[in-house]
> 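Got a structure for you, written out below as structure tokens; questions coming shortly.
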Amino acid sequence: LHHEKQHQELICTDIKFTLGLNPLYPPAIKSDDSWYQQSNVGELNWVAFDEGVYEIGAKGDGFCFDNELPRHKQYVNGFSLASRPLTNGEFLEFMNDGGYTNPSYWLSEGWAIVSEDKWFAPLHWNKVDGEWHEYSMHGIIPLQKDLPVCHLSAHEAFAVAAWAGVRMPTEAELEIAISSQPEEAGQLLYSGNPVHPMLSNNSGKFDSLIGGVWEWTQSNYGAYPGYSAPAGAVGEYNGKFMCSQLVLKGGSCATPMGHVRPTYRNFFRPADRWQFSGVRFARDL
């Protein structure tokens, strides 16, 4: 059933990617334009966490995938985390400052992809009559500067963080932050929510740690200390993919309700950007 929930989410991303290649930009979900005119971005603040030894991974007292085990201790340096994800408007500043043409911001592999594939903006961004628009599941809309930027590759996330003079968070840092906050639903996939990332304006210190956009980390997707793949088909489910991928945390607007938790580990290749993926900045204390 949990595997099926993953495929429910992938169906959403596949539909959007396919329709986003259509020059007519047809909506997958019919709606008026009121859903994207209600966003009000909050000021970006920094929330600090002390250095120390933290427990990472699932406790095993409910369902989890094998890659969330075993729970283990990990030392983490003091860090601070942005109170919300990066927005379209902030990413546009990076673009206007030559972000896609300056190799100094990019990892070498990322710069090779930018050069070869001619990336100049996030996936699903298009110019219409000289103005930026964004394709959504609800059709093409004028670029909303206060909405979270999504469909970033990890390479773009690395580059915009370097441009801003900060860094991407680690997997452990995001898990610590998510676990520290009250359990609030966030913007996940259910009736009444637009299938496009919004800021959830949660009551805690953070906005949209759960839902909205999957958040890239700089952490390689690999086995936790003491992990061994289960025998049989289950062992082929996650262990086989522990190579050349990075971890994302937190869920998105296309993630089914009840599917994500602080310990959930999503993973994609650094160049992938068809997922609802964004970034939240971090920095060292």
> Taking all non-hydrogen atoms of both residues, which atom of Glu134 and which atom of Cys150 are closest, and how far apart?
OE2-SG, 3.8 Å
> How far does CG of Asn67 sit from CZ of Arg265, to the nearest 0.5 angstrom?
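Result: 5.5 Å between the selected atoms.
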> When you measure from the side chain of Trp106 to the backbone N and O of Gly99, does any donor-acceptor pair fall under 3.5 Å?
yes
> Classify the ring geometry of Tyr224 against His72: parallel below 30°, tilted from 30° to 60°, perpendicular beyond 60°.
tilted
> Nearest 0.5 Å, what's the CG-OG distance between Leu246 and Ser219?
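Going from the CG atom of Leu246 to the OG atom of Ser219 covers 8.0 Å.
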> Is a side-chain donor or acceptor of Asn220 paired with a backbone partner of Gly222 at a separation under 3.5 angstrom?
no
> Evaluate the criterion side chain to side chain contact (heavy atoms under 4.5 Å, CB included) for residue pair Ile178 and Ile210; output intermediate values, then yes/no.
CA-CA 8 Å; Ile178 297 171; Ile210 293 292; 3.9 Å; yes
> Is the shortest heavy-atom distance from the side chain of Glu215 to the side chain of Pro169 under 4.5 Å?
no
> Quick check: does any side chain N or O of Ser179 sit under 3.5 Å from a backbone N or O of Ile176, one acting as donor and the other as acceptor?
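Checked: no pair found.
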> Do any N or O atoms from the side chain of Arg71 and from the backbone of Gly57 form a donor-acceptor pair under 3.5 angstrom?
yes
> Are any non-hydrogen side-chain atoms of Leu147 and Met198 less than 4.5 angstrom apart?
yes
> Are Phe241 and Val247 grouped together when hydrophobic residues (ILVMFWY) are joined by side-chain heavy atoms under 4.5 angstrom apart?
yes
> Are Phe91 and Pro122 side-chain neighbours, meaning at least one heavy-atom pair lies under 4.5 Å?
yes
> Counting C-beta onward and ignoring hydrogens, is there a side-chain heavy-atom pair between Leu92 and Asn88 closer than 4.5 Å?
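Of all side-chain heavy-atom pairs linking Asn88 with Leu92, none is under 4.5 Å.
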> Let me check something: do Met168 and Phe268 share a hydrophobic cluster, defined by ILVMFWY side-chain heavy atoms less than 4.5 Å apart, either directly or through other members?
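Linked, Met168 and Phe268 end up in one cluster.
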> Run the salt-bridge test on Glu173 and Arg283 with the 4.0 Å N-O cut-off and return the result as yes or no.
no
> Looking only at non-hydrogen atoms, find the nearest pair between Ala172 and Val76 and report the distance.
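Closest heavy-atom pair between Ala172 and Val76: CB-CG2, 4.3 Å.
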> Strictly under 6.0 Å, is that where the ring centroids of Phe65 and His3 end up?
no
> If I compare all heavy atoms of Arg84 with all of Glu43, which pair ends up nearest, and what's the gap?
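The pair with the smallest heavy-atom distance is NE-C, 4.1 Å.
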> Heavy-atom count around Glu116 CD within 6.0 Å, excluding the residue itself: above 12?
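No, not enclosed.
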> Would one find more than 12 heavy atoms of other residues, nucleotides or ligands at under 6.0 Å from atom NZ of Lys145?
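Count not over threshold, so no.
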> Would you say Ser277's side chain and Gln275's backbone share a donor-acceptor pair under 3.5 angstrom?
yes
> Using only atom types and a distance under 3.5 Å, with no angle test, would you say the side chain of Gln8 pairs donor to acceptor with the backbone of Pro256?
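Not at all, since once roles are kept as given, no pair shorter than 3.5 Å links the two residues.
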> Do Tyr221 and Glu171 have side-chain N/O donor and acceptor atoms under 3.5 Å apart?
no
> Would you check if the side chain of Asp207 reaches a backbone N or O of Leu199 as a donor-acceptor pair within less than 3.5 Å?
no
> How about Ser108 and Trp111: do any of their side-chain heavy atoms sit closer than 4.5 Å?
no
> Let me see the working for Leu19 and Tyr25 under side chain to side chain contact (heavy atoms under 4.5 Å, CB included), right down to the final yes or no.
CA-CA 6 Å; Leu19 295 183; Tyr25 304 119; over 6 Å; no
> From Tyr36 OH over to Gln144 CD, what is the distance, rounded to the nearest 0.5 angstrom?
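These two atoms lie 6.0 Å from each other.
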> Are Phe158 and Phe79 linked, directly or through intermediate hydrophobic residues, by side-chain heavy-atom contacts shorter than 4.5 Å (ILVMFWY only)?
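Shared cluster, yes.
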> May I ask you to decide if His196's main-chain N or O and Gln187's side chain share a donor-acceptor pair within less than 3.5 Å?
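Between the backbone of His196 and the side chain of Gln187 there is a qualifying donor-acceptor contact (under 3.5 Å).
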> Given Glu9 and Thr255, is the side chain to side chain donor-acceptor pair (under 3.5 Å) satisfied, shown in steps?
CA-CA 5 Å; Glu9 179 168 358; Thr255 304; 3.0 Å; yes
> Please give me the minimum heavy-atom distance between Asn102 and Ser104, naming the atom from each residue.
OD1-OG, 2.6 Å
> Could you point out which residue of Leu86, Val213, Leu81 forms a side chain to side chain contact (heavy atoms under 4.5 Å, CB included) with Arg280?
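The side chain to side chain contact (heavy atoms under 4.5 Å, CB included) with Arg280 is passed solely by Leu81 among Leu86, Val213, Leu81.
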> Same cluster or not: Phe267 versus Trp274, using hydrophobic residues (I, L, V, M, F, W, Y) connected whenever any side-chain heavy atoms lie under 4.5 Å apart?
no
> With the side chain counted from C-beta on, respond yes when Val160 and Tyr105 share a heavy-atom pair under 4.5 Å apart, and no when they do not.
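Contact flag for Val160/Tyr105 side chains = no.
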> Take atom NZ in Lys127; do more than 12 heavy atoms of anything else shown fall under 6.0 Å from it?
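Atom NZ in Lys127 is packed in, count exceeds 12.
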> If every non-hydrogen atom of Ala164 is compared with every non-hydrogen atom of Phe281, which pair is closest and at what distance?
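In this case the closest contact between Ala164 and Phe281 is CB-CE1, 3.8 Å.
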> For a 4.5 angstrom cut-off between non-hydrogen side-chain atoms, does Leu189 reach Val195?
yes
> Could you tell me whether the side chain of Ile141 reaches within less than 4.5 Å of the side chain of Asp33, counting heavy atoms only?
no
> Quick one: pull up CG in Leu209 and CG in Leu174 and give me the separation to the nearest 0.5 Å.
7.0 Å
> Hydrophobic clusters here meaning ILVMFWY residues chained together by side-chain heavy-atom distances under 4.5 Å, can you tell me if Leu10 and Val260 are in one?
yes
> If you compare all heavy atoms of Ala58 against all heavy atoms of Leu69, which two are closest, and at what distance to 0.1 Å?
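Minimum heavy-atom contact is O-CD2, 3.4 Å.
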> From Glu55 CD over to Lys73 NZ, what is the distance, rounded to the nearest 0.5 angstrom?
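Going from CD on Glu55 over to NZ on Lys73, the span is 4.5 Å.
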> Does Arg273 pair with Glu156 as a salt bridge, N-O distance under 4.0 Å?
yes
> Is there a donor-acceptor contact under 3.5 Å from the side chain of Ser115 to the main chain of Ala112?
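Between the backbone of Ala112 and the side chain of Ser115 there is no qualifying donor-acceptor contact (under 3.5 Å).
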> May I have the step-by-step check of side chain to side chain contact (heavy atoms under 4.5 Å, CB included) for Trp125 and Val149, ending in yes or no?
CA-CA 10 Å; Trp125 283 31; Val149 61; 4.2 Å; yes
> Walk me through it: do Trp214 and Phe276 pass the test ring-ring contact (aromatic ring centres under 6.0 Å, His included)?
CA-CA 6 Å; Trp214 285 102; Phe276 287 91; over 10 Å; no
> Dump the intermediate steps for side chain to side chain contact (heavy atoms under 4.5 Å, CB included) on Thr87 and Asp146, then the final yes or no.
CA-CA 6 Å; Thr87 64; Asp146 287 352; 5.8 Å; no
> Give a yes or no on whether Phe120 atom CZ has more than 12 heavy-atom contacts from other residues, nucleotides or ligands under 6.0 Å away.
no
> Is the side chain of Lys249 donor-acceptor paired with the backbone N or O of Pro262 at a distance under 3.5 Å, no angle test?
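Confirmed, Lys249 side chain pairs with Pro262 backbone.
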> Let me confirm one number: the CD-CD distance from Glu68 to Glu175, rounded to the nearest 0.5 Å.
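It is 8.5 Å, given to the nearest 0.5 Å.
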> Which word best sums up how the rings of Phe17 and His124 line up, parallel for under 30°, tilted for 30 to 60°, or perpendicular for over 60°?
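Correct class here is perpendicular.
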